[in-house]
Number of protein chains: 4
Amino acid sequence: MSSIDINCDLGESFGQFIMGNDDAIFPYISSCNIACGFHGGDPLHIENTIKKALQHNVQIGAHPSYPDLAGFGRRKIVLSHEELKASVKYQISALIGMVKSLGGELKYIKAHGALYNSIAFGEKEANTFLSAVKEIDPDLAILGLAGSPFQEITQQCGFRFIREGFLDRRYQDDGSLMPRKEKGSVLESVEESINQFISIAQKGEVQTASGKRITMEVDSLCIHGDNPLAEDILKATHQLDQPITVKCIQL
Amino acid sequence: MSSIDINCDLGESFGQFIMGNDDAIFPYISSCNIACGFHGGDPLHIENTIKKALQHNVQIGAHPSYPDLAGFGRRKIVLSHEELKASVKYQISALIGMVKSLGGELKYIKAHGALYNSIAFGEKEANTFLSAVKEIDPDLAILGLAGSPFQEITQQCGFRFIREGFLDRRYQDDGSLMPRKEKGSVLESVEESINQFISIAQKGEVQTASGKRITMEVDSLCIHGDNPLAEDILKATHQLDQPITVKCIQL
Amino acid sequence: MSSIDINCDLGESFGQFIMGNDDAIFPYISSCNIACGFHGGDPLHIENTIKKALQHNVQIGAHPSYPDLAGFGRRKIVLSHEELKASVKYQISALIGMVKSLGGELKYIKAHGALYNSIAFGEKEANTFLSAVKEIDPDLAILGLAGSPFQEITQQCGFRFIREGFLDRRYQDDGSLMPRKEKGSVLESVEESINQFISIAQKGEVQTASGKRITMEVDSLCIHGDNPLAEDILKATHQLDQPITVKCIQL
Amino acid sequence: MSSIDINCDLGESFGQFIMGNDDAIFPYISSCNIACGFHGGDPLHIENTIKKALQHNVQIGAHPSYPDLAGFGRRKIVLSHEELKASVKYQISALIGMVKSLGGELKYIKAHGALYNSIAFGEKEANTFLSAVKEIDPDLAILGLAGSPFQEITQQCGFRFIREGFLDRRYQDDGSLMPRKEKGSVLESVEESINQFISIAQKGEVQTASGKRITMEVDSLCIHGDNPLAEDILKATHQLDQPITVKCIQL
């Protein structure tokens, strides 16, 4: 029987501003990337999200971002090497301490939004990001875009790399994601997402926007909490004729 | 020969907004309370301040605050027990991780501004604050107002308490500080501060606003970095006829 | 036939953080209080909300707040007279200019959250608030709690006062609102809100928590956009057997 | 006798974070660009800066910025056309209202930091910026980089353009400023700045980094408030053997 990790960005609410529907998603995922307060997530939402992750036995990663609450971390902020490094160190440290205080252990780091993309394709940003993680804890795993330049850099730096694919996003022939701004970049139906889930989890393949089938070997599949179909897709992943076990990577 | 700890709030600059003159103060103090990003201090200023503290062999404490950059943490923000607790845990965790990553160790916690006062005299806030520290690391020492209700609560909770006095603030007959808003609340001359320094460090006494001498037994004396006389006062503490050693508490 | 104004706080979303369901509410109300960026509302959400208000022919008020995005303006921030005054002037000015630029006119001011309560019962805060409005435009109307000390102060200052009641909140025998923290403070059913609507609009009376009927003469009824029943309540107000016209105050 | 306008960015302090030394600069300048709260400046500092400008009879402009307090507006933030437009409208409106409330009149707009550069050389950003100003008040003048593409776009849009040069920055042969990151980008001595002042004000020329003399026709010269020599330079401009009158553009 196949198995795969499903991860989701959670804990992104800020004060009275509620983002996503974390409670509906927790039962179906095996890993969660918890916001660190820079694009969303305030201390109390972070604390409560950690507690829920521990209750649901969901593996915990930190989800650092550019400092950009107003843009939800989706805008690239040009930081110096020193600024970015300190910023990532601060966020990871905050999460490590809070997770530990509640009896858990922070296992991996996944960058958020624009920072995710900056490091996926920017060698300089990637190295800055990794130097930050290394100074905090070189045993942390790094979750990032499967097949990206970042994967290679991370592995060369000696980190365990968790290759990530996407349950609800459409791929292009070169293995990259269709940009969010383009129509069709997010899969429109539960069925499409489930087909992508099965195809990636069982065959290591994905069907691209052009209809081509390409190799897509991943360790973890991301579903976006702000996808209105997220809950239905996740439920469906647990009700397949040929079950695929959702479980986290052993770290 | 007498000896005493001198602590100062440092690392409070935010981006291009420079607060205080940390470089001038580091050579003369034995402990520094580093801002955690909530009233001042951004990740890079925090990182750089930690590096300087390590270079100057100055003991490092975390200086958590109400989340209030606009008010520099000097305004009381009414937070729920859960909010305050999570907020303190987040800030301390961020500092612990960053200090550790640079080869140091965070030794104590001193609350900032309005939070300092809230916990000094508010039993509920004090307990919330201490429960946060306890969940993160019960071996951390707590620096707070000497003789305040907080001192007793902290010690009952099993924490090491560092009794704090003030080098540059005027005391009232009941041992409390003259409120900042009142004229004369900050000592006007280097000489007055030095007299207070000698009196507290050598005799455990302080002369109050009314001229009375009262007992003031403290482990650490605070000087405010934004006091324009700070550098001169600190230099003078190192040039006394009868030297008083400035050294940090062994923690 | 009776008529009454219904107002709602709108435009409170911040970046990707969506607050309330403004589009569903606009068709049923006659006045909207638009966030000014201090507790919610960023420039683009403000701009878009003004456009929608103009499209729906809904009267526009500014909804200034304490500067408190993290607390959604529901926490009292202790500001000096000068700070509060400047803060209110800034927010109102921003709204006036943006409304005017889109061909509309800002007609009234309603304070938000903790500021609403501060000025309703605090004479000092009320005077500061009114002095700010007066310096910007003394012809603006002020919407505030019916029967509060603020009503009298406002009228003495020469402002037009719009007396506000609440569609979905439970009253106490002295005419004050049951505090939000208490169970039952928000009416639980559409039916209860509609009964309160009819009772206030037609008879100038409201039934309190104890069952007593008290006088409640108001010019405008507020419904909270974050009330999950808001849309259903508003629809029901338009489908009464004995219609009550929803229309804004002529200002 | 020659005359020229000298402008300075003022009112950029935020809460307890003091930026620049406005009081020392006001007596020597003829125009001030007042921060609008997005890169610096909070309502009270804005209000007080307006009052001082009126006392010193200094012409008032608004100084809108990208929303970036942490980066002091010196980092480019990628905003959509709609976001940038609304953001500029909001900031200008806030200033217009506050200036008017104190008996003054806002006369011109100068973008700050990264936004200044974005619009100086980016046609798209320039048009967005100008469309924002146009919707608020098409009679406002625009102060921007002399000889930049922005100058032409602004004039084509029908705005009065105030050509700006720099008192304390070094120019390159093509008339652009030496980038801040490069050594020598800021003139090192009072004498150099004064020479540049005289050369631009009297001859419409400037000597570049390479020693070449190029034409530099400007209406206003900017001095940076955070230049430690600012006060000395400004004093010196008032003590020339052949006096140059410092006076604002008639708008």
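Side chains included, hydrogens not; waters and symmetry mates left out as well; all remaining heavy atoms used. Letters go in sequence order (proteins before strands), and every chain restarts at 1.
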Task: Aromatic ring pairing B:Phe17/D:Phe72, orientation class (parallel under 30°, perpendicular over 60°, tilted between) - done: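 The rings of B:Phe17 and D:Phe72 stand perpendicular, inter-plane angle above 60°.
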Task: Heavy-atom side-chain proximity of B:Ile18 to D:Ile18 below 4.5 angstrom - done: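 The answer is no, as the side chains (C-beta and beyond) never meet within the 4.5 Å cut-off.
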Task: Pairwise distance CZ(D:Arg74) to CD(B:Gln16) - rounded to 0.5 angstrom - done: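 CD of B:Gln16 is found 5.0 Å from CZ of D:Arg74.
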Open item on the list: Looking at D:Lys100, I'd like to know if its NZ atom is crowded, meaning that more than 12 non-hydrogen atoms belonging to other residues, nucleotides or ligands lie closer than 6.0 Å.
Closed with: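 Result for NZ/D:Lys100: open.
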Task: B:Glu191 atom CD, neighbour heavy-atom count above 12 within 6.0 Å - done: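 Not buried by this count: 12 neighbours or fewer within 6.0 Å.
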